[in-house]
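Inspection log for the structure reproduced underneath, given as C-alpha cells.
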Number of protein chains: 2
Amino acid sequence: MASEPRAASAPKDRTTFREVMAEIRHRITEGSWGPGTLLPAEVALAREFGCTRTTINRALREISDLGILDRRRKAGTRVRLAPRREARFEMPIVRAEIEKAGATYSYTRLSHDILTAPDWLCERLRLPDDAQVVHLICLHRANGAPFQLEDRWINLAALPEAGAEAFVLVGPNEWLVATVPYSEVEISFQAEAADALAAAHLGHPSGAPVFVAERTTWWKGAPITHVRLCYRPGHRMTTHY
Amino acid sequence: MASEPRAASAPKDRTTFREVMAEIRHRITEGSWGPGTLLPAEVALAREFGCTRTTINRALREISDLGILDRRRKAGTRVRLAPRREARFEMPIVRAEIEKAGATYSYTRLSHDILTAPDWLCERLRLPDDAQVVHLICLHRANGAPFQLEDRWINLAALPEAGAEAFVLVGPNEWLVATVPYSEVEISFQAEAADALAAAHLGHPSGAPVFVAERTTWWKGAPITHVRLCYRPGHRMTTHY
DNA sequence: CAGTGGTCTAGACCACAAC
DNA sequence: TTGTGGTCTAGACCACTGG
C-alpha cells in the first residue's frame, strides 16, 4: 500500500496556470512589475513557481490575450506600457436582451414588402441594380412598451427562403440566426435624430437623439442582410473591462 | 545514424492546432456540422487528425472561446445553436485614435478647477460629501477641427498627485494612463442632446444628437476618475465580428 | 547566432456531470 | 458509475528576431 504519491496531508498541490496568472497579475497591478518591466524567461518562472514551462506558457499567454503583456520571441515578455484595452459587448438577439432584464417580450411586424433594392442598399451590400429584397419594419416591446424599432433588408438572391417567410410570428432576427447562424457581421453605433418613423413608434419627440445600431451580415462572402436598429429614448450600452 | 525521425521528403508534417481549428470551423460554417451537432470526443478527433489530444484540446478550446462551441465535461462538445456573439471595440486614447486615422492631433485645456465634488459625482463614485476633486474640460482636435469634448473629474483623495498637474500640455487621459495603467473601467455609450458646452465647442446645433461615452475608473477598489466624452457630429463606432 | 517564446508529443491524474 | 473535458508533466524541436 505504499502507493501514496504525496504527503497524506496534501491531497493535491501542483501549481495551476490559474495560480500563476493570479500571482503575475497581482505583481503587475500592485506595482512591483510596473509598465515596461521585462519578465523573467519562462524557464526561470517555471523554476520559481515549481511547475513546467508549459504551465507558465499557458498563464502568460492568457494574460497576454487580456492585453496586459507583450510577448515576442527572443525579446521576452514585457508589461505593456499602456494596456491594450477593448470593450466587449454581448450582442444577443433582442428577445434575449429584454427577457434577461426580466421584462416580457413582444413583437409586431409593422410592414413587409418585396421590392427592388434602393440604390443606397445596392451600394452598401454591393448588389446588382435589379436585386430583389425583402423589406421589413418591426417593433420589439418590453412589457408592452416600445423598446427597439427594426428596419430590415434581406437579399433574396442569397437567401431565397426568406421570400416564403411572412415574419408575422417570429422576427427576422431570430429567423436569420436560426437559418444562417455562422455569418460575418459588421456593426456600427451612432447617435442620430429621430425620423418620423422612430418618433411615431418609439415615443421620441421628432428630432430627438436616438441611439442607432446598424448591422450588415455576410455568409460565405455573399451579402445576406442589412438592418438598422433604433432604440427607445435613454438606451445605454454598458460594459466593463 | 538511424536518427531520422521522419521520411527524408517530409521535413515537417505534424498537425498544428491551427490546422485543426481551421478544418473544424470549416465543417461548421459550411454546414456539415450544423448547430446542435455533437462533435466526436477529443480522443476520436486526435485519432482522425493524427495528433495528440493536447492539440485537439487547444483547437477546440480556442473555437469555444470564440463563442462557437459549447463544451461540458461528460456531455461533450457541441456546436452552439446560436453563436454567442460579442462585439469588441478597441478603446485607445484619443490621440492614438486620431493619429491612426492619419490626422494631426491637438489638445486644448478649456478649464481647470479644484472643488468639492457635486452630489451626483459623490453618488456615482461613492465619495464622501466633502470630497475634493479636480474638474477639467478639454477639447481634442483632429486636423484642427473639434473631435471630442472631454469633461473629466478626478478624485484627489485617491490620486493626490493630480492636484499638482496643470494638464496644459498633456491631457488627463494620457496622464492617467501613464500614472494608473492597470485599473478597472466601466463604460457606457448613449445618444444625448447637445448641451450648451457641446454645442459651443463641437459645432453641434444646440439639442442635436451627440454620441456620448461615459467612463468610470477604479484602482484597487478606490474610485479614481469619471469622464464624459462627447464626440463630434456624425461620429460612429464600428467593428466586425 | 543564440536566446526566447511557440508548439507538439505521450502519458497521466483528476473533476465534473450525465446516465 | 463512467465517459468527457481540464490540466499538468517532462521533454523535444523549431521559428523568430534582437544583438
Side-chain angles (χ1 to χ4, degrees), chain A residues 1-8 10-24 33 36-80, chain B residues 1-24 33 36-80 84:
Chain A
M1 309 319 154
S3 64
E4 51 166 18
R6 308 263 157 208
K12 54 156 192 172
D13 54 344
R14 303 154 107 191
T15 311
T16 71
F17 81 93
R18 290 173 194 283
E19 289 166 352
V20 177
M21 271 185 77
E23 172 58 22
I24 291 178
W33 282 349
T37 302
L38 177 66
L39 268 61
E42 293 188 348
V43 275
L45 287 170
R47 234 180 295 118
E48 180 197 334
F49 281 93
C51 61
T52 56
R53 186 164 81 86
T54 312
T55 302
I56 298 293
N57 182 274
R58 170 90 188 263
L60 293 181
R61 176 159 38 83
E62 302 235 340
I63 300 176
S64 178
D65 288 345
L66 294 173
I68 294 175
L69 294 175
D70 188 23
R71 319 194 71 202
R72 265 152 35 217
R73 286 162 153 133
K74 170 71 181 179
T77 300
R78 275 178 195 285
V79 181
R80 298 184 85 100
Chain B
M1 305 319 154
S3 65
E4 50 165 22
R6 307 261 156 212
S9 57
K12 55 155 193 172
D13 54 345
R14 303 153 106 193
T15 311
T16 71
F17 80 92
R18 290 173 195 284
E19 290 165 352
V20 177
M21 269 185 79
E23 171 60 20
I24 290 178
W33 282 349
T37 303
L38 176 66
L39 269 60
E42 292 188 350
V43 275
L45 288 170
R47 235 180 294 119
E48 179 197 333
F49 282 92
C51 60
T52 55
R53 187 164 80 87
T54 313
T55 301
I56 298 294
N57 181 274
R58 172 88 188 265
L60 293 181
R61 176 158 39 82
E62 302 235 339
I63 299 176
S64 177
D65 287 345
L66 294 173
I68 294 175
L69 293 176
D70 187 25
R71 319 193 72 202
R72 264 153 36 212
R73 284 163 154 133
K74 172 69 182 178
T77 301
R78 275 179 194 283
V79 181
R80 298 183 84 102
R84 172 178 54 77

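Naming convention: chains lettered A, B, ... in sequence-line order (proteins, then strands); numbering from 1 in each chain.
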Here the distance between atom P of dG6(D) and atom CZ of Arg58(A), to the nearest Å, is 9 Å

Considering only heavy side-chain atoms of Asn57(A), the closest of dA18(C), dG18(D), dG5(C) is dG5(C)

Separation of dG5(D) atom C1' from Leu39(B) atom CG, nearest Å, is 13 Å

Listing time: all N or O pairs from protein to nucleotides 1-3 of chain D that are below 3.5 Å?
| from | atom 1 | to | atom 2 | distance (Å) |
| --- | --- | --- | --- | --- |
| dG3(D) | O4' | Lys74(B) | NZ | 3.3 |

Rounded to whole Å, CZ of Phe17(B) lies from P of dG6(C) at a distance of 10 Å

Out of dG5(C), dC8(C), dG11(C), minimum distance to the side chain of Thr54(B) belongs to dG11(C)

Leu38(A) CG to dT17(D) C1', in whole Å, measures 15 Å

Separation of dC8(D) atom P from Met21(A) atom CE, nearest Å, is 11 Å

What one should report as the nearest heavy-atom pair of Glu19(A) and Arg14(A) is OE1-O, 3.9 Å

Shortest non-hydrogen pair, Phe49(B) vs Val20(B), comes out as CD2-CG2, 4.1 Å

OP1 or OP2 of dG6(D) under 4.0 Å from side-chain N/O of Arg71(B): yes

Testing dT4(C), dG11(D), dA10(C) for proximity to the side chain of Thr52(B), the answer is dA10(C)

When rounded to whole Å, the CZ to P distance for the pair Arg61(A) and dT7(D) reads 11 Å

Side-chain contact check for Thr16(A): nearest option of dT7(D), dT7(C), dT9(C) is dT7(D)

| message | If the threshold is 4.0 Å, N to carboxylate O, is there a salt bridge linking Glu42(B) and Arg71(B)? | response | yes

Of Arg18(A) and Arg53(A), the one whose closest nucleotide on DNA chain D sits nearer the 5' end is Arg18(A)

From CD of Glu42(A) across to P of dT7(C) the rounded distance in Å is 11 Å

